[in-house]
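Below: one structure in structure tokens.
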Protein chains: 2
Amino acid sequence: MRKGEETRNRILDVAEAAVLQKGFGGTSIEELIVETGITKSGFFYHFKDKNELAKALLNRYIENDERIYDEIFSRARDLMDDPLQSFLLGLKLLSELLSDLPNGHPGCLVATVCYYERLFDREIQETNRNAVLAWRRRFGRMFREIMEVYSPREPVDVDQLADMVSSVLEGGIVLSKTLKEPNTLAEQVLMMRTFVRMLFLPAIESPLVAFRHDQTYGVADGRHL
Amino acid sequence: MRKGEETRNRILDVAEAAVLQKGFGGTSIEELIVETGITKSGFFYHFKDKNELAKALLNRYIENDERIYDEIFSRARDLMDDPLQSFLLGLKLLSELLSDLPNGHPGCLVATVCYYERLFDREIQETNRNAVLAWRRRFGRMFREIMEVYSPREPVDVDQLADMVSSVLEGGIVLSKTLKEPNTLAEQVLMMRTFVRMLFLPAIESPLVAFRHDQTYGVADGRHL
DNA sequence: TGAAAACTGTACCGTGGGTACAGGAGGGGA
DNA sequence: TCCCCTCCTGTACCCACGGTACAGTTTTCA
């Protein structure tokens, strides 16, 4: 029971690293069992086929991903009361976490599955879709909270704004990996942060601001940091 | 000569569609020759191995990609003299082109290669890297032109800003494909457009703008965190 | 100590990537 | 007319890999 879980996780660890580098099709079960130090029979004891492995891999990845976002943004929430400042801090923390990764971000399994879709069953595709929708809900929720206090400088759709966070992350990973510039991803997150800050905070703080906006409480909150 | 080119292109067409749906590892030469209506020997007459196919595929894709951007942004340049307005129009045209794709964007080969890197030789990885660098140069050039006329509301690094256009495109493709929402990609491009507009255009057009700008620039910017 | 869990070992099958090579159709130039 | 070159087809074969089947062995833990 205990032992089984452990071996299973070791396989998943090895598989995840391999899949993110070579894709599912490029990762052979053979190499996984060699690196894990298990036999072929042992492998198929844990996963009845490659699709089953993919399913477990994706679910584990998504859970872990969610956990990380939970931690970061709840920590940011603890440090900042204002929803905007808290979100901005969250993006900062995220970018720091990303730039601390020694070899850069290894890649996103959601993207890997996206570019491999046809070979998986519907269940995996649905899981993947739900993961992206969860991001949308997560960031959407945060932006809605922000909008209860601040009004955006330009009209934006909350879901589209939330999606942009995901886009920049996914795209940043692709750029970072392709360019072999580990820092590019973190920089992109900070660019997104700039966008959000600019969207909700008035650029200049001066008494004149009050004349521009009906509501000025956002200004006061934004100033003290 | 003529005939050979034609067959070769037919193979590439079939291969591109397949690879974008299933990745390189998930695409078998067998299916390509069936769909192209050619024999295995015929296939290997044109491409000595799968790596060679990938190389041709990627080069063709990148060329085509560059051509599309050239067309869009040079058309925008013809219609608008101002570099900012021209760029904003370009993004609008791009988003329209993307939302006109009947089944959504089929996927980006650069991303596919990125998530498959280890199985290709250095040459392909370099080609891919150069493609992303070309995007950076392209958009960077445009932003530099813009900055000769407009000053950004917040300090930004030109390359990072240029990369963000690529990020949003790549990420938007992933989201769009995964969610099976063809329009999401076009919406993301428009969000990027909003960002650029907000960054360079003053939000409110009133005599106060000029006044505020000189006086208090920088107070609101990133001192926090 | 005994049953269930967690494997190992062996043998086998089909598919796919890839090689080798012989040969044929068709067009274009000498 | 002939020949050569391009563009293929056909056949045969090799190995790697995914996957199945199943018998046997060790480890764990209740």
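Letters A, B, ... mirror the listed sequences (proteins, then strands); counts begin at 1. This is a predicted model, so every value here is computed, not measured.
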Which residues share a ring-ring contact (aromatic ring centres under 6.0 Å, His included) with B:Phe24, sequence neighbours left out:
B:Tyr116, B:Phe120

Is a side-chain donor-acceptor pair under 3.5 Å present for B:Asp65 with B:Trp135?
yes

Within this structure, what is the CZ-to-P distance between A:Phe47 and C:dA6, rounded to whole angstrom?
12 Å

Taking only residues two or more places apart in sequence, or in another chain, which ones meet B:Glu148 in a side-chain contact (heavy atoms from CB on, under 4.5 Å)?
none

Using OP1 and OP2 only, check whether a side-chain N or O of B:His46 sits under 4.0 Å from D:dT6.
no

Can you build the contact string for nucleotides 8-19 of chain C? Use B for base contact, S for sugar-phosphate-only contact, and - for no protein heavy atom under 4.0 Å.
BBB-----SBBB

Please give, in whole Å, the distance from D:dT27 P to A:Glu6 CD?
15 Å

Spacing between B:Arg10 atom CZ and D:dC7 atom P, to the nearest angstrom:
13 Å

Residues in side chain to side chain donor-acceptor pair (under 3.5 Å) contact with A:Thr184, at least two apart in sequence or another chain:
A:Glu181

For a quick test of your reading: what N or O donor-acceptor pairs under 3.5 Å do the side chains of residues 37-47 of chain A make, sequence neighbours left out?
unit_1  : atom_1 : unit_2  : atom_2 : d
A:Thr39 : OG1    : A:Gly42 : N      : 3.2

Rounded to whole angstrom units, what separation is found between the CD1 atom of B:Ile33 and the P atom of D:dC7?
19 Å

Kindly list each side-chain donor-acceptor pair under 3.5 angstrom involving residues 82-91 of chain B, sequence neighbours excluded, with atom names and distances?
unit_1  : atom_1 : unit_2   : atom_2 : d
B:Asp82 : OD1    : B:Tyr150 : OH     : 3.0
B:Asp82 : OD2    : B:Leu84  : N      : 3.1
B:Asp82 : OD2    : B:Gln85  : N      : 2.9
B:Asp82 : OD2    : B:Tyr150 : OH     : 3.0

